[in-house]
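Structure first, commentary second.
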Number of protein chains: 2
Amino acid sequence: MTQTAPLQPANQKPRRGRPRGAPDASEARQKLIRAGLEHLTEKGYSSVGIDEILKAAGVPKGSFYHHFHGKADFGLALVAAYDAYFTTQIDRAFLDEKHAPLDRLRIFTERAEAGMARHGFRRGCLVGNLGQEMGALPDEFRAALTAVLEGWQARTTRLLSLAQAQGTIVPHHDPSTLAETFWIGWEGAVLRAKLELRPDPLRRFADTFLRLIETETTDT
Amino acid sequence: MTQTAPLQPANQKPRRGRPRGAPDASEARQKLIRAGLEHLTEKGYSSVGIDEILKAAGVPKGSFYHHFHGKADFGLALVAAYDAYFTTQIDRAFLDEKHAPLDRLRIFTERAEAGMARHGFRRGCLVGNLGQEMGALPDEFRAALTAVLEGWQARTTRLLSLAQAQGTIVPHHDPSTLAETFWIGWEGAVLRAKLELRPDPLRRFADTFLRLIETETTDT
DNA sequence: GATTTATTAGACTGAATCGTCTATTAATTC
DNA sequence: GAATTAATAGACGATTCAGTCTAATAAATC
């Protein structure tokens with residue numbers, strides 16, 4: 001087998017003009033993502049204009065369309081960024097071996113509540129927001145949003161399997177089913193908390209769900 | 001106390017010109033409400049234009065602004081209409097004494113699923129949709145939407161109290177708490193079903209919730 | 001039939017929408 | 001420094017938005 005051509009096409013041309021900066025390092029792009037997350041978690045996709053984001057980010061329109069193909073492409077980038085951030089939050093709680101499995105889930109919900117409180121419960125979950133807007137969104141969002149939720153659920157399934165192995169949750173329920181139920185309900189709780197501008201729905205759902213799946217503590 | 005003036009002001013003037021039709025009987029108004037519900041349950045408030053609704057309803061703009069003060073007023077009318085419709089559906093299931101209390105809840109979820117299936121799972125719950133959009137809605141919607149949910153919950157509380165009195169659900173949980181948890185989660189399930197375009201999330205949540213609150217059937 | 005009010009009819013307005021377009025500036029190679 | 005590509009800059013255009021406005025039609029009283 002003769003090496004007719006280099007296998008790294010990126011290596012063959014010395015690239016003439018100004019080199020492209022690292023895909024994510026661009027300051028303008030980062031500012032846009034940050035401003036986009038702030039606005040879309042609060043108001044959703046349809047009712048937020050690009051100009052609004054440009055103004056908040058202090059970035060001109062030329063830069064926006066240089067870094068993104070359009071609003072939809074930007075939206076998908078926001079979903080990816082949100083997923084990346086949120087997944088690390090989940091892992092930080094779920095993989096913390098200092099606590100028992102169920103305590104980790106509780107801690108996650110408490111931190112999530114604190115996060116919402118930080119913005120007066122006006123910002124919700126980007127995935128929930130866009131999911132609700134699917135009827136008005138380009139269809140590519142559907143698979144993206146579903147995949148994100150499945151990722152969070154997979155992590156939750158592992159946590160609940162551990163809890164079940166340790167006997168702290170009910171044995172007759174599939175951990176994967178419980179994890180799915182948790183995320184279905186949790187998204188509902190975030191929606192409701194945003195509607196009522198208070199933490200009660202988050203606590204209500206977390207408390208009840210956890211109490212229901214816990215094995216009896218024989219607490220008098 | 002002398003009766004200085006008639007207590008029914010509607011009775012004192014014979015009213016000259018064309019009489020106002022019954023507030024709800026107006027055909028144009030009904031068509032607008034119907035078209036509005038179809039569009040808003042699918043795409044939400046922000047991304048549906050008034051012209052779009054006019055076209056679907058076959059009603060000119062003059063009629064719209066004759067019957068409603070503006071888009072927000074129209075939206076609130078839709079919430080009221082949706083609540084009226086949905087409440088009768090709930091009562092029809094929850095007050096049916098042919099079935100045991102928990103069976104009535106199950107029947108309700110199954111009918112709701114059938115309702116969503118009828119439109120290919122593209123239409124969600126109007127209250128959930130608008131709740132998610134609160135960040136972009138006039139603030140009057142907040143109280144309206146919250147009140148609607150509380151109404152549905154109150155009915156569910158009565159049902160679960162009955163179930164508890166009959167010993168078919170766990171005794172250590174407040175029916176009101178369980179009802180709230182149900183609606184928090186159910187809204188999440190509807191959102192998820194709309195996102196995935198399939199009934200699975202509805203079934204998943206209903207099944208798991210019901211199994212968790214049921215007292216042991218000692219099933220084998 | 002004249003008058004009065006309800007309702008329908010849709011052209012029009014000004015602001016906002018997303019996206020395009022032409023420059024200009026920056027960073028690199030030759 | 002000339003050439004080349006990346007990135008910034010924002011004016012501009014076509015379309016859509018909610019809402020206004022004038023006029024026409026309908027249904028009643030006098």
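Convention: sequence-line order gives letters A, B, ...; per-chain numbering from 1.
- More than 12 non-hydrogen atoms from other residues, nucleotides or ligands lie less than 6.0 angstrom from CZ of R142(B).
- OP1 or OP2 of dA7(D) lies within a sub-4.0 Å distance of a side-chain N or O belonging to H66(A).
- Distance, L32(A) CG to dA7(D) C1': 12 Å, rounded to whole Å.
- Taking the six-membered ring where the residue is Trp, W183(A) and W152(A) present tilted rings, their angle falling between 30° and 60°.
- Rounded to a whole Å, the NZ atom of K55(B) is 14 Å from the P atom of dG10(C).
- Aromatic ring orientation, F205(A) versus W186(A): tilted (interplanar angle from 30° to 60°).
- A straight line from OH of Y65(A) to C1' of dA9(D) spans 15 Å, rounded to a whole angstrom.
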Using the 3.5 Å cut-off, write out each protein N or O paired with an N or O of nucleotides 10-12 of chain D and the distance between them.
{"from": "dG10(D)", "atom 1": "N7", "to": "G62(A)", "atom 2": "N", "distance (Å)": "3.4"}

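- Note that the CZ atom of F64(B) and the CG atom of L32(B) stand 6.5 Å from one another [nearest 0.5 Å].
- As a whole-Å value, the separation of D73(A) CG from dC18(C) C1' is 14 Å.
- Summarising the geometry, the separation between CZ on R29(B) and C1' on dA6(C) is reported as 15 Å, rounded to the nearest angstrom.
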Verdict with supporting geometry, R155(A) and L95(A), side chain to side chain contact (heavy atoms under 4.5 Å, CB included): CA-CA 9 Å; R155(A) 288 172 157 76; L95(A) 303 177; over 6 Å; no
Please step through side chain to side chain contact (heavy atoms under 4.5 Å, CB included) for the pair H39(B) and E52(B), ending with a clear verdict. CA-CA 9 Å; H39(B) 282 73; E52(B) 189 179 345; 3.2 Å; yes
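- Side-chain N/O atoms of H67(B) include none lying less than 4.0 angstrom from OP1 or OP2 on dA6(C).
- In this structure, I53(A) places its CD1 atom 16 Å from P of dA16(C), rounding to the nearest Å.
- Distance L54(B) CG to dG10(C) P: 11 Å, rounded to the nearest Å.
- One interatomic measurement links the two molecules: NZ of K71(B) to C1' of dG19(D), which rounds to 12 Å at whole-angstrom precision.
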Start with the C-alpha gap between K194(B) and N129(B), add the side-chain angles, then the distance that decides, and say whether side chain to side chain contact (heavy atoms under 4.5 Å, CB included) holds. CA-CA 11 Å; K194(B) 201 175 80 168; N129(B) 283 3; 3.2 Å; yes
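- At a non-hydrogen distance threshold of 4.0 Å, V48(B), G49(B), I50(B) from residues 35-52 of chain B come into contact with DNA chain D.
- By the side chain to side chain donor-acceptor pair (under 3.5 Å) test, K55(B) is found to be paired with no residue, residues two or more places apart in sequence or in another chain being considered.
- Ring orientation note: the planes of F108(A) and F86(A) are nearly perpendicular, at an angle over 60° on the 30°/60° scale.
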